[in-house]
Amino acid sequence: GAVVSQHPSRVICKSGTSVKIECRSLDFQATTMFWYRQFPKQSLMLMATSNEGSKATYEQGVEKDKFLINHASLTLSTLTVTSAHPEDSSFYICSVNPSSGGYNEQFFGPGTRLTVL
Amino acid sequence: QKEVEQNSGPLSVPEGAIASLNCTYSDRGSQSFFWYRQYSGKSPELIMSIYSNGDKEDGRFTAQLNKASQYVSLLIRDSQPSDSATYLCAVNGGDYGQNFVFGPGTRLSVLP
């Protein structure tokens, strides 16, 4: 597998503020990382694919100007929720795909729970 | 529309019984199939992956894939209360490309 960390694990902020979430691949260099969002009692929805050294690829319906993604190195991707509002409250999870041994598997970080008041 | 479907449950089984979780997918070109376990408030954890038709066993878990029927299942033998979680089916390949598409999950409750 792959070991992925996220920071912070939990954040509470006021409406209108920006929140940065970090995702780190601890045991291999990830040229691609994935960001998901999960609302209560719903499944994971892919928000965007983060690409090291180039622009992220956003899924349909995800505002790229609101959810800023920066993949500055092979071990770090950040997601910034700009001008957060209560409807942005969710569980944000990143993942990596080591593609080792020819197998295509995704491994998730522990997630960041965002609450916007 | 490409979809991955699961019965949302909850599925309740007594301790020691076999739990059977099912998943269907719509993209016939899908190539890789995964089962993730997600405890409440936690992120998903990969428990099984399967790439070819038939059965794949790992400990108490058996994944079954039938591409002709576009169906993948997960059997959990000797179910334990610690298996109580939501199980997510995920599909990759075909029109999804490198992306994973997740089903809504089935909530399993193993009763002591």
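Note that the structure is a prediction, hence the values are computed from the model and not measured. A, B, ... follow the sequence lines: proteins, then strands. Residue 1 opens every chain.
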Per-residue contacts, residues 6-14 of chain A versus chain B, heavy atoms under 4.5 Å: none
What parts of residues 42-57 of chain A touch chain B if we use heavy atoms and a cut-off under 4.5 Å? A:S43, A:L44, A:L46, A:T49
Between CD of A:Q38 and CG of B:L88, what distance do you get to the nearest 0.5 Å? 7.0 Å
Drop me the distance from B:K42's NZ to A:I93's CD1, to the nearest 0.5 angstrom. 12.0 Å
Are A:Y36 and B:F102 an aromatic pair by the rule of ring centers under 6.0 Å? yes
Are A:F34 and B:F100 near enough that their ring centres are under 6.0 Å apart? no
Find out if a path of hydrophobic residues (ILVMFWY) with successive side-chain heavy-atom gaps under 4.5 Å connects A:M33 to A:L114. no
Could you tell me if the side chain of A:E105 sits less than 4.5 Å from the side chain of B:F34, heavy atoms only? yes
Among the listed options B:G103, B:P44, B:A90, B:S40, the residue most often paired with chain A at heavy-atom distances under 4.5 Å: B:P44
Donor-acceptor under 3.5 Å (B:S43 side chain, A:G109 main chain): yes
Partner chain B: residue of A:F107, A:F91, A:F108 with the largest heavy-atom pair count (under 4.5 Å): A:F108
Output, in order, the C-alpha distance, side-chain angles, deciding distance and verdict of side-chain contact (heavy atoms from CB on, under 4.5 Å) for A:Q106 and B:Y36. CA-CA 10 Å; A:Q106 284 198 14; B:Y36 286 82; 3.6 Å; yes
Under 4.5 Å from any heavy atom of chain A, what part of B:Q6 do you find: side chain, backbone, both or neither? neither
